[in-house]
Amino acid sequence: MIAENTTQAFQWTYNENDQEFALQGSLRPQKPEELSNCISALEQSVAKVSGKFYVNVRRLVRMNNVAFQAIACKILDLVRARADLDVQVTTSSVVGWATRKFAVLETMSDKITVSEYDSEFYPGQSFVEDSEFIHVLRTQTKLTWRHEKELLHKHGLRPGMQVADICCGIGDFAVLLQKEFSPDRLVALDHSRSSLDYARQVAADFGIRGIDYVFGDAADMLLEDDQFDFVTCRHSLQVFDRPELILKELFRICKPGGRVYVTNEKNSHCLGEPRGESIQWTYNEVARLWHHFDMDIEIGPKSRRLLLEGGFEDVSIGSFMVTSADGDPQGFADIIASWKNLFAGKMAKERGDDPAFIERFAKGFDDHIFAALHPKGYAGWPIWVASGRKPQ
Amino acid sequence: MLQMDLDIGDFCSNWSHCDLLSAYLARMVSHNRLDSLLFSNLYSSALNELLETVFRVHGASGKLECSVRRQGGLDRIELVFPADEDIFRVYREAIDKLSGENAEKLYLEALFTEGQPDASLGLLELGVDYGARLTIDRVGNDRMCLVAELTLEDENE
Ligand SMILES: C[S@@+](CC[C@H](N)C(=O)[O-])C[C@H]1O[C@@H](n2cnc3c(N)ncnc32)[C@H](O)[C@@H]1O
């Protein structure tokens with residue numbers, strides 16, 4: 001429902017399946033009465049619930065004390081009046097004020113719990129936020145940049161644009177963008193505080209100014225609509241179980257006429273010779289492993305469809321291959337070593353793979369490294385690049 | 001530093017002015033922060049509570065002067081507006097509550113009373129929840145100044 005009679009744009013929804021009442025938008029009414037529709041919707045929702053009732057304020061960006069008081073008092077009344085009821089409030093770490101503010105509810109009743117929505121809600125997030133992963137990302141960007149520098153131009157990036165890099169990781173791509181394309185504004189967003197700390201440190205060390213590193217959830221960004229000429233999201237749609245939701249956000253923050261640029265992998269197409277068969281086997285298994293954690297490392301060629309179904313026009317797609325023959329075979333080998341470390345290490349263990357499997361799985365990475373460093377060998381990692389224009 | 005002057009009557013002609021002004025100023029001051037989005041959202045929330053307080057409790061006529069400045073890690077918001085002795089007393093009482101030992105308890109009490117929030121709730125929130133330093137002073141005979149000093153970003157985080 002959308003509230004009427006108020007200048008504030010806020011909405012509420014009730015999901016019966018999850019027993020969850022969600023509030024979103026900006027809630028700054030002058031009088032509590034302005035919330036009466038919302039409060040009665042809340043009452044009606046609770047009436048049908050027993051056990052745990054969820055109140056989701058993750059997308060509530062602003063809220064004044066009038067609104068807080070009205071809603072908090074209602075929640076307190078509910079748990080006091082109904083012995084069978086517990087309330088779980090979910091806040092977002094991105095909004096800043098919400099967790100601290102709602103936490104006072106816990107002090108008022110032990111039937112209310114307040115928790116911050118965090119990484120564990122994302123499948124696989126704990127892997128990508130891991131500090132070991134930083135090394136993977138650095139080496140990867142180093143080798144993909146020589147290809148992307150040209151491609152970005154073809155996909156419409158020009159100097160002086162308003163640019164956002166969503167899921168920026170450790171921010172090295174943003175630094176390269178800043179140097180090469182001098183955007184007028186560059187926002188780089190990620191949901192990993194450790195990656196952002198690293199990114200800010202690197203920018204400071206290199207004396208690079210003007211990159212706005214912000215903490216946020218790509219599925220739910222505080223950035224306003226229609227702001228950017230060029231929005232990039234690299235190697236990241238593949239870490240979400242529902243990439244179309246992220247794409248929707250990228251679409252939203254992009255200006256009409258602007259472009260969204262995504263890069264994605266299809267890991268089962270990694271290749272190498274000699275020892276091609278073992279390499280092939282292992283990368284097929286990589287795809288399965290990611291799938292087990294609800295992530296799709298095979299998205300690459302599906303990017304075109306995702307963009308078209310996401311409402312983009314003038315969609316273009318292509319691919320390039322990072323190879324051991326690009327002039328830095330050791331760099332290539334380093335990437336594979338860090339994959340081995342993560343995939344045949346933590347991730348395989350977490351899935352509960354047996355030692356025999358892990359040994360064979362790891363062998364394929366070793367063989368890929370062998371191919372990369374072999375004087376007559378060749379090893380490759382293909383990447384799909386796609387972009388689309390948001391209609392005017 | 002950034003300053004905006006408005007006629008208090010114009011400001012109070014529409015509640016949404018609190019929201020608009022706080023969002024606008026928050027955006028203006030959020031550049032070059034550790035995290036501009038997070039900062040802007042916190043700043044807007046804090047400033048909005050101050051403006052809503054002034055919207056509710058102010059003197060008859062005159063200017064509302066709103067100036068904001070940054071001093072290192074500290075952000076200072078200064079509001080000067082018409083206020084007679086009674087109005088000034090409302091602010092005085094709120095600030096006195098904050099300097100007492102049970103400020104937090106008073107804040108929670110104000111937060112969980114039914115009905116229209118007490119005029120001091122916004123100020124209590126700033127003092128307790130945002131850790132702001134609040135001061136007031138008289139300006140001439142019929143005006144007052146409300147200053148909030150905030151540290152919204154923790155450099156060590
Ligand atoms: C595979 S990495 C890619 C990083 C970077 N684009 C690159 O190419 O080096 C995926 C990134 O997505 C980030 N991420 C995961 N979930 C996120 C979310 N909900 N919002 C924003 N970023 C998220 C992770 O922290 C990680 O940095």
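As the structure is a computational prediction, the values presented were derived from the model and not from experiment. Order of the sequence lines sets the chain letters (A, B, ...), proteins ahead of strands, with each chain counted from 1.
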What's the separation between atom [atom1] in [X] and atom [atom2] in [Y], rounded to the nearest 0.5 Å?
X: A/Thr107; Y: B/Leu108; atom1: OG1; atom2: CG; answer: 5.0 Å
X: B/Asp19; Y: A/Asn64; atom1: CG; atom2: CG; answer: 9.0 Å
X: A/Asp212; Y: B/Ser30; atom1: CG; atom2: OG; answer: 9.0 Å

Would a 4.5 Å heavy-atom cut-off, applied to side chains only, mark [X] and [Y] as touching?
X: A/Val94; Y: B/Leu38; value: no
X: A/Arg28; Y: B/Ser22; value: yes
X: B/Arg27; Y: A/Glu224; value: yes

Checklist entry - Listed by residue number, which members of residues 44-53 of chain B have a heavy atom under 4.5 Å from any heavy atom of chain A? => result B/Ser44, B/Ser45, B/Asn48, B/Glu49, B/Glu52

Checklist entry - chain A contacts: which residues in residues 124-151 of chain B have a non-hydrogen atom closer than 4.5 Å to it? => result B/Glu125, B/Asp129, B/Tyr130

Next on the checklist: Is it the case that over 12 heavy atoms from other parts of the model lie below 6.0 angstrom from the NZ atom of B/Lys63?
Outcome noted: no

Checklist entry - Should the heavy atoms of other residues, nucleotides or ligands under 6.0 Å from CD of B/Glu65 be counted, would the total exceed 12? => result yes

What part of [X] lies closer than 4.5 angstrom to a heavy atom of chain B: side chain, backbone, both or neither?
X: A/Met108; answer: side chain
X: A/Val95; answer: both
X: A/Leu76; answer: side chain
X: A/Asn65; answer: both

Say whether, by atom type as modelled, one donor and one acceptor occur between the side chain of [X] and the main chain of [Y] under 3.5 angstrom.
X: B/Asp35; Y: A/Phe215; answer: yes
X: A/Gln69; Y: B/Phe112; answer: no
X: A/Arg200; Y: B/Leu34; answer: yes

Next on the checklist: For B/Phe55 and A/Gln30: C-alpha separation, side-chain torsions, deciding distance, then whether side-chain contact (heavy atoms from CB on, under 4.5 Å) applies.
Outcome noted: CA-CA 10 Å; B/Phe55 188 100; A/Gln30 183 170 9; 3.4 Å; yes

Next on the checklist: Under a 4.5 Å cutoff for heavy-atom pairs, which residue among B/Asn32, B/Leu42, B/Leu20 has the most contacts with chain A?
Outcome noted: B/Leu42

